[in-house]
Amino acid sequence: MTAKIAYDDVEAGTELPAQSFPVTRATLVRYAGASGDFNPIHWNEKFAVAVGLPDVIAHGMFTMAEAIRVVTDWAGDPAAVVEYGVRFTKPVVVPNDDTGALIEVSAKVAAKLDDRRVRVDLTATSAGQKVLGMSRAVVQLA
């Protein structure tokens, strides 16, 4: 597969379609099983509060993975992402209810680079707080 977006069809400032990703305690349990990260801050409310957190929090790598979906869905090929990095700024707090939390992600092309690549800057928030900082991806376009 290759990216479905053509380099010539984007400019700096091009906005990618924003997406929202729901997160429940069940989501975290499934992610823990898949990743092998069973740290109790991600599933045990009593433990999370005891170590100073407001409640159970989503795995940082899970949050990071959900955010990049905006880019991979836009590009049409996950392999088009050749670099990706973030700073974790705030945790995604996941209450024990039927709603859980929501990770809201927007992104835009920040710069056109050499070799048909673009830098995409992402903004990820949950409960009105920015949860990822310096979230950037370099994407190889068609």
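- Looking at heavy atoms from C-beta onward, V23 lies in side-chain contact with I103 at the 4.5 angstrom threshold.
- Classified by interplanar angle (parallel below 30°, tilted 30° to 60°, perpendicular above 60°), the ring pair Y31/F62 is perpendicular.
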TODO: For side chain to side chain contact (heavy atoms under 4.5 Å, CB included), just list the numbers for M134 and V86, CA-CA rounded to whole Å, side-chain angles, deciding distance to a tenth of an Å, and then say yes or no.
DONE: CA-CA 5 Å; M134 299 293 293; V86 306; over 6 Å; no
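- Between the OG1 atom in T63 and the CD1 atom in I68 there is a gap of 13.5 Å [rounded to 0.5 Å].
- Between Q140 and A3, the shortest heavy-atom contact is O-CB, 3.4 Å.
- When all heavy atoms are compared, the tightest approach of A67 to Y84 is CB-OH, 3.7 Å.
- If you run side-chain contact (heavy atoms from CB on, under 4.5 Å) between V139 and each of V71, V10, L113, V109, only V71 comes through.
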TODO: Step by step, work out the side chain to side chain contact (heavy atoms under 4.5 Å, CB included) result for T123 and V105.
DONE: CA-CA 6 Å; T123 301; V105 184; over 6 Å; no
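- A side-chain donor-acceptor contact under 3.5 Å links T14 to the backbone of E11.
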Open item on the list: Let's go through V94 and I57 carefully: what are the C-alpha distance in whole Å and the side-chain angles of both, what is the deciding distance for side chain to side chain contact (heavy atoms under 4.5 Å, CB included) to 0.1 Å, and is it a yes or a no?
Closed with: CA-CA 5 Å; V94 183; I57 63 169; over 6 Å; no
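- Here the side chains of I5 and W74 are in contact, with some heavy-atom distance below 4.5 Å.
- No donor-acceptor pair under 3.5 Å is formed between the side chain of W43 and the backbone N or O of V56.
- The same ILVMFWY cluster, assembled from side-chain heavy atoms under 4.5 Å apart, contains both M61 and L28.
- By the rule that hydrophobic residues join a cluster once side-chain heavy atoms approach within less than 4.5 Å of another member, F21 and V93 end up as members of separate clusters.
- Here the closest heavy-atom approach between residue A107 and residue V120 is recorded as CB-CG1, 3.8 Å.
- Looking only at atom types and distance, the side chain of N96 has no donor-acceptor partner in the side chain of E45 under 3.5 Å away.
- Rounding to the nearest 0.5 Å places NZ of K130 at 10.5 Å from CZ of R87.
- A salt bridge links R25 with D55; the closest basic N to acidic carboxylate O contact falls under 4.0 Å.
- The line from CZ of F38 to NE2 of H59 is 8.0 Å long, rounded to the nearest 0.5 Å.
- Contact detail for K108 and G13: the closest heavy-atom pair is CB-O, 4.4 Å.
- One N or O on the side chain of T24 and one on the backbone of T27 form a donor-acceptor pair closer than 3.5 Å.
- Within the 3.5 Å criterion, the main-chain N or O of S126 finds no donor-acceptor partner in the side chain of K90.
- Judged by distance alone, with hydrogens and angles left aside, the side-chain atoms of K112 form a donor-acceptor pair with the main-chain N or O of Y7 at under 3.5 Å.
- S106 places no side-chain N or O within donor-acceptor distance of the main-chain N or O of A18, the cut-off being under 3.5 Å.
- A donor-acceptor contact shorter than 3.5 Å links the side chain of D77 to the backbone of A79.
- Across every non-hydrogen atom of L132 and M64, the tightest pair is CD1-CA, 4.3 Å.
- In this structure a side-chain-to-backbone donor-acceptor pair under 3.5 Å is present from R116 to A142.
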TODO: Decide yes or no on side chain to side chain contact (heavy atoms under 4.5 Å, CB included) for H42 and D37, but give the supporting numbers first.
DONE: CA-CA 9 Å; H42 303 304; D37 182 353; 3.9 Å; yes
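- Contact of the V81 side chain with the V138 side chain is not registered, since no non-hydrogen atoms from C-beta on lie closer than 4.5 Å.
- Taking every heavy atom of both residues into account, T89 and G133 meet most closely at CG2-N, 3.5 Å.
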